[in-house]
Colleague: 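Please find one structure pasted underneath; my questions will follow.
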Amino acid sequence: MDKLLQWAIVNQATESEDAPSSRTPSEMQKLDPGIIDAILGKDDATRMLECMTAIKDAETPLEAKEIAFDDLEMLIEGIDNAMNLENLRLWKPLLEVLDSPHPSLRMNAAWVCGTALQNNPKAQKAFMDNEGLVPMLRVLREDTDNAVRSKALYCISGLIKHFPEGFKIFTAEGGFQVLKDILNKEDDVSLITKTIFLLNSLVQQQFLTYAHLQKSGLIGDVIRRTEKDQDNEMIVEKTLFLILTLSSSGDGFAPEQKQSLKTLIPALKEKYPELLSEDDWKQIIKAINN
């Protein structure tokens with residue numbers, strides 16, 4: 001790499017008749033930045049800024065914006081780069097893209113936000129400081145494109161898991177009603193399975209209790225959804241894991257839920273025996289029969 005830099009210095013110098021044939025390493029700082037970028041590559045912060053500039057530029061073609069989003073999402077998979085979104089003041093312009101008329105851009109904006117938030121408390125806090133949850137909930141509730149809504153739910157999941165402050169505001173902003181609406185009114189499998197998976201994660205992390213699920217009616221919503229979609233293995237699998245988690249908690253199920261599960265669980269066990277181990281099936285059956 002040093003030889004490449006020296007070569008660049010010498011060749012830049014020979015472009016001028018008056019320039020010396022060589023320079024000292026201390027003069028490398030005078031080298032054309034474009035040459036340095038070509039040899040060493042731009043640093044991640046510069047690339048992130050350039051991606052956002054392309055995304056926000058009205059003259060950039062849609063396909064180029066999508067490519068810029070792909071590059072940005074790849075960059076912020078690194079936890080340091082995800083945290084750097086705040087230092088570079090990129091959260092606000094990123095969230096503004098949620099209002100784009102192009103579904104692909106709204107989807108990518110939610111995707112990048114969600115990736116940045118995964119297991120990253122500093123990014124989660126920065127997202128909240130930039131008031132990102134309310135517009136993301138709006139997208140989840142109102143967007144007409146299910147792919148966009150799916151990525152919005154991915155983002156919200158990344159925010160509220162392992163982050164009590166985000167969970168608190170999600171609850172205050174009516175987030176659970178949005179999840180109930182998905183379970184009761186939607187037909188998109190991705191949204192439904194992501195919702196059930198999120199509920200299970202929140203119970204496992206003790207953010208959600210059985211009492212909360214019972215009071216909100218979410219347990220009943222999940223059971224009814226699964227009764228309706230017994231032929232969808234993805235939905236069934238996520239529901240079984242949630243029921244297994246709840247059966248491990250010792251809280252039990254309400255009488256009307258037990259009645260529904262006494263019919264549903266044997267049917268699912270017969271149809272999908274491989275989804276749980278025999279011990280797990282026994283644990284669920286014991287919980288609903290006690």
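Because only heavy atoms are used, hydrogens play no part in the values below, and waters and symmetry mates are left out as well, while side chains stay in.
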Colleague: Taking NZ in K180 as the centre, count heavy atoms belonging to other residues, nucleotides or ligands within less than 6.0 Å. Is the count above 12?
Modeller: yes
Colleague: Around atom CD of E142, are there more than 12 heavy atoms of other residues, nucleotides or ligands at under 6.0 Å?
Modeller: yes
Colleague: Count the heavy atoms belonging to other residues, nucleotides or ligands that lie under 6.0 Å from CD of E59, then report whether that count exceeds 12.
Modeller: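 No, CD of E59 has 12 or fewer neighbouring heavy atoms, counting only those of other groups under 6.0 Å.
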Colleague: Does NZ in K271 sit with more than 12 non-hydrogen atoms of other residues, nucleotides or ligands closer than 6.0 Å?
Modeller: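 It does: K271 NZ has more than 12 such atoms within range.
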Colleague: Looking at N232, N200, T226, which hits side chain to side chain donor-acceptor pair (under 3.5 Å) with T239?
Modeller: T226
Colleague: Is the shortest side-chain N to carboxylate O distance from R225 to D229 below 4.0 Å?
Modeller: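 A salt bridge links R225 with D229.
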Colleague: Before we go on, tell me: are the rings of H212 and F176 under 6.0 Å apart, centre to centre?
Modeller: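 For H212 and F176, the ring centres are under 6.0 Å apart.
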Colleague: Salt bridge or not for E186 and R149, using N-O below 4.0 Å?
Modeller: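 So E186 pairs with R149 through a salt bridge.
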Colleague: Between D143 and R106, does any side-chain N to carboxylate O distance fall below 4.0 Å?
Modeller: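 Looking at D143 and R106, the cut-off is met.
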Colleague: Taking atom NZ of K168 as the centre, report whether more than 12 heavy atoms of other residues, nucleotides or ligands fall under 6.0 Å from it.
Modeller: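 No, because the 6.0 Å sphere around NZ of K168 holds 12 heavy atoms or fewer from other groups.
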Colleague: Using a strict threshold of under 4.0 Å (side-chain N to carboxylate O), is an ion pair present between E278 and K269?
Modeller: yes
Colleague: Does atom NZ of K122 have more than 12 heavy-atom neighbours from other groups under 6.0 Å away?
Modeller: no
Colleague: Just wondering, more than 12 heavy atoms not from E256 lying within 6.0 Å of its CD?
Modeller: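 Counting neighbours around CD of E256, more than 12 heavy atoms of other residues, nucleotides or ligands fall under 6.0 Å, so yes.
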Colleague: Should the heavy atoms of other residues, nucleotides or ligands under 6.0 Å from CD of E131 be counted, would the total exceed 12?
Modeller: no
Colleague: Is a side-chain N or O of W281 found less than 3.5 angstrom from the main chain of P273, in a donor-acceptor match?
Modeller: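 Confirmed, W281 side chain pairs with P273 backbone.
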Colleague: Do the side chains of D129 and K125 get close enough for a salt bridge, i.e. N-O under 4.0 angstrom?
Modeller: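 Yes, charged N to carboxylate O under 4.0 Å.
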Colleague: Looking at F197, is K194 sitting on its ring face, NZ or CZ under 6.0 Å from the six-membered ring centre and within 45 degrees of the normal?
Modeller: no
